[in-house]
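All heavy atoms count here, side chains included; hydrogens, waters and symmetry mates do not. Along the sequence shown, residues are numbered consecutively beginning with 1.
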Amino acid sequence: MTDKIQLTDAEWRERLSPDQYRVLRQGGTERAFTGAYEQNKAAGEYVCAGCGEPLFSSETKYNSGSGWPSYYQPLASDAVEELRDTSHGMVRVEVRCAKCEGHLGHVFPDGPQPTGLRYCINSASLDFKPKE
C-alpha cells in the first residue's frame with residue numbers, strides 16, 4: 001500500500017458523487033440489491049472510488065445473497081483496515097480503504113472457504129476495472 005491520501009472535506013465533495021461521499025466519507029450504506037456491482041460477474045479489479053487503490057478481485061467475489069457485493073478476501077492484506085463498529089446497537093467490524101480511510105462496508109465471519117469471511121462492500125465505494 002502506498003502513502004495515505006488526505007483531502008479536505010471540500011476536496012472530497014468535489015471529487016466524489018453525492019452517493020460516494022455519503023458512503024465513503026460519512027459511513028453511509030446503500031440499500032440492499034441497488035448497487036451497481038452487486039450482480040457484476042465480469043473479470044477484473046474493484047478499486048476504491050475515493051482514491052483508486054486496488055481493493056478486491058473478481059476472483060474472490062461471490063453471491064452471498066446479502067444484496068451487496070461480497071468478497072472472501074481483499075486483494076492484499078494491507079489494502080483495507082478493519083475497525084470495531086458499535087453503531088446501530090450492534091458490534092460489527094467496519095472495513096475502510098487503507099489509503100484514504102474511506103468507509104467501504106463491513107466484514108462478517110459467515111463467508112465461504114478458504115477464509116470464512118464475507119466482506120460486504122457498498123458498490124458506491126468502488127470503481128470496477130475490467131480485466132483486459
Side-chain angles (χ1 to χ4, degrees):
M1 209 257 325
T2 56
D3 294 332
K4 291 205 182 262
I5 181 173
Q6 294 184 345
L7 301 175
T8 66
D9 187 62
E11 290 170 322
W12 282 120
R13 285 183 185 275
E14 187 175 309
R15 176 182 276 214
L16 302 170
S17 73
D19 283 341
Q20 290 171 326
Y21 180 83
R22 184 180 58 77
V23 171
L24 284 163
R25 306 318 306 169
Q26 296 180 315
T29 300
E30 61 199 9
R31 288 183 301 128
F33 301 102
T34 64
Y37 302 125
E38 196 261 331
Q39 292 294 320
N40 185 29
K41 293 176 176 44
E45 283 187 351
Y46 294 86
V47 303
C48 178
C51 68
E53 188 71 11
L55 299 173
F56 298 96
S57 168
S58 62
E59 294 177 13
T60 64
K61 187 175 188 284
Y62 70 99
N63 184 359
S64 68
S66 67
W68 289 274
S70 297
Y71 311 84
Y72 62 79
Q73 72 185 25
L75 261 171
S77 61
D78 62 352
V80 299
E81 296 175 339
E82 298 178 7
L83 300 109
R84 181 180 164 96
D85 176 4
T86 57
S87 64
H88 305 291
M90 60 184 116
V91 177
R92 301 179 290 175
V93 178
E94 179 186 8
V95 179
R96 291 187 187 176
C97 173
K99 184 173 180 180
C100 72
E101 298 179 337
H103 172 78
L104 303 172
H106 292 86
V107 61
F108 302 95
D110 60 1
Q113 292 305 313
T115 65
L117 298 174
R118 173 173 53 99
Y119 286 84
C120 189
I121 307 298
N122 291 283
S123 289
S125 68
L126 301 171
D127 281 330
F128 181 68
K129 304 296 181 196
K131 188 174 183 178
E132 295 182 10

Q: Compare every heavy atom of His106 with every heavy atom of Asp85, then report the nearest pair and how far apart it is.
A: OD2-NE2, 2.7 Å
Q: Compare every heavy atom of Lys61 with every heavy atom of Pro69, then report the nearest pair and how far apart it is.
A: CB-CE, 4.0 Å
Q: Are there over 12 heavy-atom neighbours, none belonging to Glu82, within less than 6.0 Å of that residue's CD?
A: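 Enclosed: over 12 neighbouring heavy atoms sit under 6.0 Å from CD of Glu82.
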Q: How close do Ser123 and Tyr37 get, heavy atom to heavy atom, and via which atoms?
A: OG-N, 2.9 Å
Q: To the nearest 0.5 angstrom, please state how far the CD1 atom of Ile121 sits from the OH atom of Tyr46.
A: 11.5 Å
Q: Kindly work out whether a path of hydrophobic side-chain contacts (I/L/V/M/F/W/Y, heavy atoms less than 4.5 Å apart) joins Val80 to Phe108.
A: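 They do not share one cluster, since no chain of ILVMFWY contacts under 4.5 Å joins Val80 to Phe108.
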Q: Could I get the full list of side-chain contact (heavy atoms from CB on, under 4.5 Å) partners for Thr86, not counting sequence neighbours?
A: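 With neighbours one apart ignored, the set is Arg84, Val91.
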Q: Compare every heavy atom of Leu55 with every heavy atom of Cys97, then report the nearest pair and how far apart it is.
A: SG-CD2, 4.3 Å
Q: If a pair satisfies salt bridge (charged side-chain N to carboxylate O under 4.0 Å, His left out) and one of its residues is in residues 115-132, list it, with sequence neighbours excluded.
A: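 Passing the test, one end in residues 115-132: Asp110-Arg118.
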Q: Sort and list the pairs that fulfil salt bridge (charged side-chain N to carboxylate O under 4.0 Å, His left out) and have at least one residue in residues 32-45, not counting sequence neighbours.
A: none
Q: Can you sort out the partners of Arg96 under salt bridge (Lys or Arg N to Asp or Glu O under 4.0 Å), two or more places apart, ordered by chain and number?
A: Glu94
Q: Partners of Ala42 by side-chain contact (heavy atoms from CB on, under 4.5 Å), sequence neighbours excluded?
A: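 Result, side-chain contact (heavy atoms from CB on, under 4.5 Å) vs Ala42: Asn40, Phe128.
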Q: Salt bridge (charged side-chain N to carboxylate O under 4.0 Å, His left out): which pairs involve residues 8-35, sequence neighbours left out?
A: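 Residue pairs with at least one partner in residues 8-35: Asp9-Arg13.
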Q: Nearest heavy-atom pair of Pro54 and Leu75: which atoms, and what distance?
A: CB-CD1, 3.6 Å
Q: Could you note down all residue pairs passing side chain to side chain donor-acceptor pair (under 3.5 Å) where residues 67-76 supplies at least one of them, sequence neighbours left out?
A: Ser64-Ser70
Q: If you take all heavy atoms of Val23 and Thr29, which pair is closest and at what distance?
A: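 For Val23 versus Thr29, the nearest heavy atoms are CG2-N, 4.3 Å.
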Q: Run the numbers on Leu104 and Leu24 for side-chain contact (heavy atoms from CB on, under 4.5 Å), then give the verdict.
A: CA-CA 6 Å; Leu104 303 172; Leu24 284 163; 4.2 Å; yes
Q: For Ser17, give me all partners under side chain to side chain donor-acceptor pair (under 3.5 Å), at least two apart in sequence or on another chain.
A: Gln20
Q: Please list, chain by chain and in numerical order, all residues satisfying ring-ring contact (aromatic ring centres under 6.0 Å, His included) with Tyr21, sequence neighbours excluded.
A: none
